[in-house]
Amino acid sequence: MNVKTLNKVFLEVFHVLPKQAFFAPGRINLIGEHTDYNGGHVFPCAITYGTYAVARKREDQLVRLYSKNFPETGVIEFNLNQLDYDQEHVWANYPKGMIRYIMEAGFNIPTGFDCAIEGNIPNGAGLSSSASIELLTGVLVNGLFQLDVPRLDLIKIGKRVENEFIGVNSGIMDQFAVGMGKKDAGILLDCQTLKYEYAPIQLENHKIIIMNTNKRRELADSKYNERRSECEEALEQLQQDLPIEALGQLSEKQFDEHQHVISNETVRKRAKHAVYENIRTLKALDELKAGNLAAFGQLMNQSHISLRDDYEVTGVELDSLVEAAWNQPGVLGARMTGAGFGGCAIAIVENNEVDHFIAHVGAAYLDKIGYAADFYVASIGDGAKEIELDAVK
Ligand code: GLA
């Protein structure tokens with residue numbers, strides 16, 4: 001990816017040169033899955049794959065957007081005084097929703113703008129390409145119009161776009177990771193209070209490998225919303241016994257002692273995952289800080305097992321990748337990452353085993369599933385920001 005090429009694309013599409021450039025990353029989550037909307041902890045980091053934009057203010061009220069990833073949709077155009085969701089605007093609904101809610105929050109966007117975008121996050125892979133474009137739009141309008149919208153507000157607005165504009169009931173993890181990421185650090189975030197801390201990710205002689213199932217996340221949104229309501233049902237029943245506001249407030253012991261009040265067995269399993277995964281995330285941070293990488297990896301494995309057996313969001317594709325990963329030499333841990341139902345898994349692999357790992361996990365996956373997985377080495381990078389217009393990445 002190269003901002004210089006994007007400049008050229010902008011010139012071809014809009015017949016003028018852009019003035020400013022921006023970047024927003026994707027994210028992986030190291031551990032703490034399906035805990036964010038349960039008021040628990042997550043431990044994601046931003047990656048160096050992401051979405052780039054070059055842009056230029058206009059004098060009128062038009063916003064014109066072009067994505068190199070979706071050339072077939074051409075330039076998508078809308079007016080600042082007509083910011084309703086429009087199915088025909090496909091991907092551009094994310095920037096549109098951001099603009100709308102930023103304006104509703106009282107910030108003045110005086111004119112429209114032209115913008116060309118290109119992302120290198122695999123689309124639909126569960127690496128938060130949507131949060132990336134949301135935060136990209138946030139830093140873009142901030143940068144073009146000197147709005148000074150605080151970072152946390154952009155993060156919350158991004159979540160609102162997802163929840164109210166697009167209709168996915170997601171938590172705050174993705175926007176937070178994309179907005180607050182820091183090179184070579186994970187972010188331990190308490191999703192109930194939004195308190196957070198950075199933890200250096202020092203993996204000694206290991207790399208984080210992203211494994212893409214290449215399974216489209218069909219029905220993922222409705223299944224995601226279903227898990228959310230199952231957790232809400234569990235919480236309501238537990239509240240008859242306990243003065244809690246979220247499942248993330250429970251210890252394992254408290255859960256074990258009170259779980260019988262949850263009448264439905266499936267719902268009980270969902271809640272168990274939410275509680276145990278939250279505690280696991282805190283334990284994982286402690287192990288990482290103490291330099292116990294092997295123990296960190298074990299907790300990742302347990303996380304996957306819980307997501308497979310209790311939360312039931314993995315599926316044969318993710319399980320095949322992760323279980324093949326567990327069998328390889330030099331692997332500290334492996335688990336699905338993100339919402340699940342397809343998408344990506346991650347593994348922590350010793351440097352000199354990486355080639356062997358990719359060859360063997362790839363072959364096992366192809367053999368079992370019938371199509372290939374993709375593998376990428378993850379680098380942990382910064383959150384969304386303005387970049388140099390002539391930056392070469
Ligand atoms: C998706 C959502 C997040 C989070 C994860 C699961 O990525 O957008 O808010 O719930 O799934 O941990």
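Atoms within a ligand are numbered from 1 in the order they appear, just like the ligands themselves. Just so it is clear, the structure is predicted and the values come from calculations on it, not from any experiment.
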Novice: Work out whether the distance between some heavy atom of Arg27 and some atom of ligand 1 is less than 4.0 Å.
Specialist: yes

Novice: For the pair Phe14 and Phe10, name the ring-plane relationship: parallel under 30°, tilted 30 to 60°, perpendicular over 60°.
Specialist: tilted

Novice: Pull out every atom of ligand 1 sitting under 4.0 Å from any heavy atom of Gly171, numbered as shown with elements.
Specialist: 9 (O)

Novice: What atoms of ligand 1 come within less than 4.0 Å of a heavy atom belonging to Met173?
Specialist: 4 (C), 5 (C), 12 (O)

Novice: Is a side-chain donor-acceptor pair under 3.5 Å present for Gln20 with Glu386?
Specialist: yes

Novice: Taking the six-membered ring for Trp, are Tyr37 and His34 ring centroids under 6.0 Å apart?
Specialist: yes

Novice: Can you check which of Gly340, Pro44, Ala339 brings a heavy atom nearest to atom 11 (O) of ligand 1?
Specialist: Ala339

Novice: With atoms numbered from 1 as shown, which atoms in ligand 1 lie under 4.0 angstrom from a non-hydrogen atom of Gly338?
Specialist: 6 (C), 11 (O)

Novice: With heavy-atom distances below 4.0 Å as the criterion, list the atoms of ligand 1 near Tyr224.
Specialist: 1 (C), 2 (C), 3 (C), 4 (C), 9 (O), 10 (O), 11 (O)

Novice: Taking the ring of Tyr365 and the ring of Phe375, is the distance between their centroids below 6.0 Å?
Specialist: no

Novice: Distance under 4.0 Å to a non-hydrogen atom of Asp36: what atoms of ligand 1 satisfy this?
Specialist: 3 (C), 4 (C), 9 (O), 10 (O)

Novice: Would you please name every residue forming a side-chain hydrogen bond (donor to acceptor under 3.5 Å, both in side chains) with Asn163, sequence neighbours left out?
Specialist: Lys159

Novice: Would Lys96 count as a cation-pi partner of Phe78, with NZ or CZ less than 6.0 Å from the six-membered ring centre and within 45° of the ring normal?
Specialist: yes

Novice: Any nitrogen or oxygen of Asp174, side chain or backbone, less than 3.5 Å from one on ligand 1?
Specialist: yes

Novice: Could you tell me if the ring centre of Tyr52 sits under 6.0 Å from that of Phe22?
Specialist: no

Novice: Within ligand 1, which atoms have a heavy atom of Tyr37 less than 4.0 Å away?
Specialist: 10 (O)

